[in-house]
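Proteins come first, then strands; the chains are lettered A, B, ... in the order of their sequence lines, and each starts at number 1.
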Number of protein chains: 2
Amino acid sequence: MSSINWSSSDLQAFAALVQTRHFTRAAERCHLSQSAFSQKIRRLESMVGVRLFERSTRQVSLTPEGEQLSREVLRIERELQQALGQLSDLAGLRAGRVAVAALPSIAAVWLPQLLARWRALHPQVTLTLHDSLAHVGLALLREGKVDLALTAGGDLREFETELLRTEPYWLVCPGGHRLAARRRVHWADLAGEEVIQLARSSSVRQQLDRLAAAQVLRSSPLEVEQLATLAALVRAGLGVSLVPELTLFHFRGPGLAAVPLAEPELTRPLWLARRKGQALSVAAQAFRGLLLEAVSASS
Amino acid sequence: MSSINWSSSDLQAFAALVQTRHFTRAAERCHLSQSAFSQKIRRLESMVGVRLFERSTRQVSLTPEGEQLSREVLRIERELQQALGQLSDLAGLRAGRVAVAALPSIAAVWLPQLLARWRALHPQVTLTLHDSLAHVGLALLREGKVDLALTAGGDLREFETELLRTEPYWLVCPGGHRLAARRRVHWADLAGEEVIQLARSSSVRQQLDRLAAAQVLRSSPLEVEQLATLAALVRAGLGVSLVPELTLFHFRGPGLAAVPLAEPELTRPLWLARRKGQALSVAAQAFRGLLLEAVSASS
DNA sequence: CACACTTACGATATTCGTAAGGATT
DNA sequence: AATCCTTACGAATATCGTAAGTGTG
């Protein structure tokens, strides 16, 4: 089981000599003195235990054993060099892929410009985005289908997390509502208001339900899944709603107003989650860096 | 184009760490101090430009890049080690093949015991024998189908040759012939004898034709190809013949006699021929060694 | 504090280049 | 004589092991 100890430079020297059949020129190609090159070949030969080249003064030729080796080695050396080169590409962000899951609100507000910047910086690294509800995104993360998940609230104990920021909630109401012109509202202001809720599966609803203060609110019998629907209902005067800041873009148009909720206990934490005990790829680290930078710049 | 300079020990260290996920144990497996091993991994990482292992105090795990490399490298390293090992086998005569062409007479007299010895010495090296007439054997050599050719006379200028020995010619005649009991015969003794010749393509005939002295002989109209036929004709009293020593085994039986021809100018040179400018394989060299040994022992 | 990886540093082994040697055309 | 590979030997480099350092459970 005496395994032979060769180095890549040995194999390159061998390959160079196979191609040139000339020690001096092969040595030049390897950036070595002709003498050092000669020694290298000699060492390689003594390692494998057989003469690989026939040196008849004016002619360098392969022995049968040398030919056999050349057939194998040239291919293998190329493969290995390629594998290592590919790795350098990954490390240098000249290749690779990152997959990210993000809540629709985050995907819509933060990611567009982030994706554009990513494209500009690392055009050869594929960035895949899954805009899914919290539980779907976390499932993707759990299965390793994505490197990172951008999510809000929920049970994240099985993951490693970083708090990106917390965002306040806003009251959304019809444009002519009595609170529409206020600069901010408190719980007390909401007494008697009919609040349209999102479906129980949404992260927003789950957080509101946990809040004792929310009990003072009068819940509307309406429950919707899509924020666009919610906006339409509010605009039609069927009630008001409480939504996190990042979703406000749904409530811009005419006939609607949004007022910040001045209650410190109702904020939504936005997390960057990754798998525990699993290092990020270089590309994923780069994405995270860009994300943190963007978040800190926007606050 | 900065190609990375790694060595087999680097790759083995990497493989060991992938398998054990434990520096100390992997170092032992590589017969290295734990410190040297750590440096080795660090060097490898800095060469490819990316962290390959995640060392979290009590846990060694692969980074995504490390995993990618492990998939490729373990396979490639094995292939290369195998190619080099195979070469060692060839060098150590634990594998390989030799092909030899030999004239039928040589094949019949010298080679049987030589083949037996070869089997005993190098059972794992396949030895192929082609017993063919001179021109066929040389064609095989020219095409590289055989490593060596054992032949006699002929035009060998295109090959590299070694003279193994020269063998005398013998007169073969019927048992009751007037020369049958002689200890040796000269050209003069053959005057008036009818000499049965071999076909013009045989190396024996070609040599006899070149010999001026042979002109004194009376040629029989009979021309045969097979020595066995010749023996039968001589036994039947249809003439005598001149044959090289190595073919005498055809003329042993009753009713036949053989007498050495005491003419120094009529001997047959036996050559070992190989291709010019083409080194012999280790196995072929070994065969040549064995052959020379056997030849010098038999003379 | 015991285990496991990293760092420091002197010792050893490899590999390199210059220069001389030898062989062939 | 010119070309080309090998050998000799001191210098530079790389690698190793011992021992001390660091960090975590």
- Consider only side-chain N and O atoms of A:Gln39 and A:Ser35, and report whether a donor and an acceptor are under 3.5 Å apart. yes
- Message: Heavy atoms from C-beta onward define the side chain here; which of D:dC5, C:dT6, C:dC16 lies closest to that of A:Phe23?
- Response: D:dC5
- Could you give the CZ-to-P distance, from A:Phe53 to D:dC4, as a whole number of Å? 17 Å
- B:Thr63 side chain to A:Ala279 main-chain N or O, any donor-acceptor pair under 3.5 Å? no
- Given C:dT6, is OP1 or OP2 found less than 4.0 Å from the side-chain N or O atoms of B:Arg55? yes
- Are any side-chain N or O atoms of B:Trp118 and backbone N or O atoms of B:Val125, one a donor and one an acceptor, separated by less than 3.5 Å? yes
- Task: Take B:Glu45 and B:Arg55, measure what salt bridge (charged side-chain N to carboxylate O under 4.0 Å, His left out) needs, and give me the verdict at the end.
- Result: CA-CA 13 Å; B:Glu45 285 180 327; B:Arg55 295 86 144 163; 2.8 Å; yes
- Within the structure, does a side-chain N or O atom of B:Arg42 lie under 4.0 Å from either OP1 or OP2 of C:dT7? yes
- note: A:Asn5, atom CG; D:dT15, atom C1'; distance rounded to Å ~ 11 Å
- Task: Tell me what B:Ser33 touches on the nucleic acid: a base, only sugar-phosphate, or nothing, going by heavy atoms under 4.0 Å.
- Result: base
- Note on the structure: In this structure, OG1 of A:Thr151 is separated from CG of A:Leu133 (nearest 0.5 Å) by 9.5 Å
- Message: Output the rounded distance in Å from CG (B:Leu44) to C1' (D:dT15).
- Response: 15 Å
- Identify the residue among A:Arg117, A:Gln285, A:His122 that makes a side-chain contact (heavy atoms from CB on, under 4.5 Å) with A:Leu290. A:Arg117
- Query: Which whole-number value in Å describes the distance from B:Gln34 CD to D:dG21 P?
  - Reply: 16 Å
- Message: Would you compute the distance between atom CZ of A:Phe23 and atom CZ of A:Phe53 and round it to the nearest 0.5 angstrom?
- Response: 7.0 Å
Find every protein N or O atom lying less than 3.5 Å from an N or O atom of nucleotides 11-15 of chain C, and list the pairs.
from	atom 1	to	atom 2	distance (Å)
C:dT15	OP2	A:Arg43	NE	3.2

- Item | Partners passing side-chain contact (heavy atoms from CB on, under 4.5 Å) against B:Ser9 (at least two apart in sequence or in another chain) | A:Asn5, B:Ser7, B:Lys40
- In whole angstroms, the gap separating P of C:dG17 from NE2 of A:His31 amounts to 11 Å
- Task: Could you grab the distance from atom CG of A:Leu148 to atom CG of A:Leu280, nearest 0.5 Å is fine?
- Result: 5.5 Å
- Query: Do the side-chain N or O atoms of A:Ser38 get closer than 4.0 angstrom to the phosphate oxygens (OP1, OP2) of D:dT6?
  - Reply: yes
- What is the distance from CD of A:Glu28 to P of D:dT3, rounded to the nearest Å? 14 Å
- Task: Specify the residues of residues 15-22 of chain B, ordered by number, for which at least one heavy atom lies under 4.0 angstrom from an atom of DNA chain C.
- Result: B:His22
- Query: What integer distance in Å separates A:Ile41:CD1 from D:dT6:P?
  - Reply: 9 Å
- Query: Is there a donor N/O on one and an acceptor N/O on the other, under 3.5 Å, for the side chain of B:Ser35 and the base of C:dT6?
  - Reply: no
